[in-house]
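Right, one structure below, let's go through it.
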Amino acid sequence: MHDLLLRNVRPMAGEACDILIRNGKISGFGTFDAEPGMPVEDGKGAIAVPGLIDAHTHLDKTTWGMPWHVNNRAAILRERIDFERENRVQIGIDPHRQSMRHAIGLAANGGTHIRSHVDIDPTHGLKLVEGIWETREKLDGIIDIEVVAFPQSGVMVMPGTLELLDEALKQGCEVLGGIDPCGIDRDPKGQLDILFQLATKHGVPIDIHLHEAADLGAFTMELIFERIRANGMQGNVAISHAFALGMNDYLRVGRLIDEIARLDVAILTTGAPSASVPSIMRLKEAGVRVGGGCDGIRDTWGPWGQPDMLDRAKIIGMKNGLRSDIELAHVLHVVSKGGADVMGLEDYGMEIGCAADFTLLTGETLAHAVVDIAPRPLVVKGGRVTARDGKAIVEAP
Ligand SMILES: O=c1cc[nH]c(=O)[nH]1
């Protein structure tokens, strides 16, 4: 772990000061003399915030840095899933190389932590997860990666997937994923009972993709709530996307949010422009933990997205119709501390004793930084400079 004296920065856009880092942790804010041999960086008055967190992504999928993927297919969920599963090897999407590109891009843009869903299906077994684990090892000290064992193609409709999920959790995936128990598996009781049993067996949290909208998604949420209560998993379940919370029925959504808050369910949003998304301000008012993610970027699903959580903050902010400075500061919270709260990162933050994981931002205020999306002047992980002026210290393959 590293020592560093970072001069002249504005923590959370407040008063300028120095940050003293000892042994990879923040040890003081104020004015300090450099100690012999201690590296010194000049922050030049930039804003300092804790490292950005991509708490919902798919590191195994991007075509970033590869030839342009020509997409002329229909945008139906099941078709996207099947096309990707059947063609990813032939297209050349190597999970290790591509996840390196994706993760290094995030690190260059201020990222310090990732939660990535990684596909598990009978066609690929655990190969995709193994590729991400190799990346995690190579990027140790640059960006932390948590892996969700993700049954992208379904559980009940894909025999063999359950056993692979079990093995992935045995081998070290930290979180169990799930997907649209009605829409993809057509067997909500079947999928959800299996997921909760498996999570309880391995003592891991669940993070379930729920694209199901409106009444169908609300019905699935209620089934999830029942199983959280039955298995005592309050505080250990996240719902990703949660498009049902974007439905146009204020009272129904309010009742769902009340239960989400009571059961301490976390919500992960990508601000998907093509869907109805949960209101991050309404969730904030209810005290719900909310993180953000860039989702799949430039993959066979679609061409959009950047490996940059400030870019994603802007998308989430625009999709939520946010304008005021306080609201824009909250979007920044969603892609930083919000993700840490969902992932349970205990030493995360801009306080003495926290891990020295942060990024500098250019701008007068937090809102200004979110809107401008200027290259990050400096990124620090564990007290070590990991990126400078938008470029990481490690080269992507
Ligand atoms: O289920 C999903 C949703 C978005 N992107 C994916 O790769 N999978």
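These numbers were taken from a predicted model, which means no experiment stands behind them. Numbering of ligands and ligand atoms starts at 1, following listing order.
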Contact residues of ligand 1 with a heavy-atom cut-off of under 4.0 Å?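 Residue list for ligand 1: His58, Lys61, Phe150, Gln152, Ile179, His209, His211, Asp295, Trp301.
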
Quiz item: Per the side-chain contact (heavy atoms from CB on, under 4.5 Å) rule, which among Val335, Asp357, Leu345 passes with Ile53?
Solution: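 Looking at Val335, Asp357, Leu345, the match for Ile53 under the side-chain contact (heavy atoms from CB on, under 4.5 Å) is Leu345.
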
List the atom pairs, with distances to 0.1 Å, where a side-chain N or O of residues 154-169 and a protein N or O form a donor-acceptor pair under 3.5 Å, not counting sequence neighbours.
unit_1, atom_1, unit_2, atom_2, d
Thr161, OG1, Met158, O, 2.8
Asp166, OD1, Lys201, NZ, 3.1
Asp166, OD1, His202, NE2, 2.5
Asp166, OD2, Lys201, NZ, 3.0
Glu167, OE2, Gln171, NE2, 2.8

Q) Restricting to pairs with a member in residues 285-313, which pass salt bridge (Lys or Arg N to Asp or Glu O under 4.0 Å), not counting sequence neighbours? A)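 For residues 285-313, and leaving out neighbouring residues, the salt bridge (Lys or Arg N to Asp or Glu O under 4.0 Å) pairs sorted by first residue read Asp264-Arg289, Asp308-Arg376.
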
With sequence neighbours excluded, residues passing side chain to side chain donor-acceptor pair (under 3.5 Å) with Asp325: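 Once residues adjacent in sequence are excluded, Asp325 has no partner under the side chain to side chain donor-acceptor pair (under 3.5 Å) criterion.
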
- Could Arg282 and Tyr250 be counted as a cation-pi pair, given that NZ or CZ must be under 6.0 Å from the ring centre and within 45° of the axis?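 The answer is yes; both the distance and angle limits are met.
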
Exercise. Between His102 and His58, is the ring centre distance below 6.0 Å?
Worked result: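 No, ring centres 6.0 Å or more apart.
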
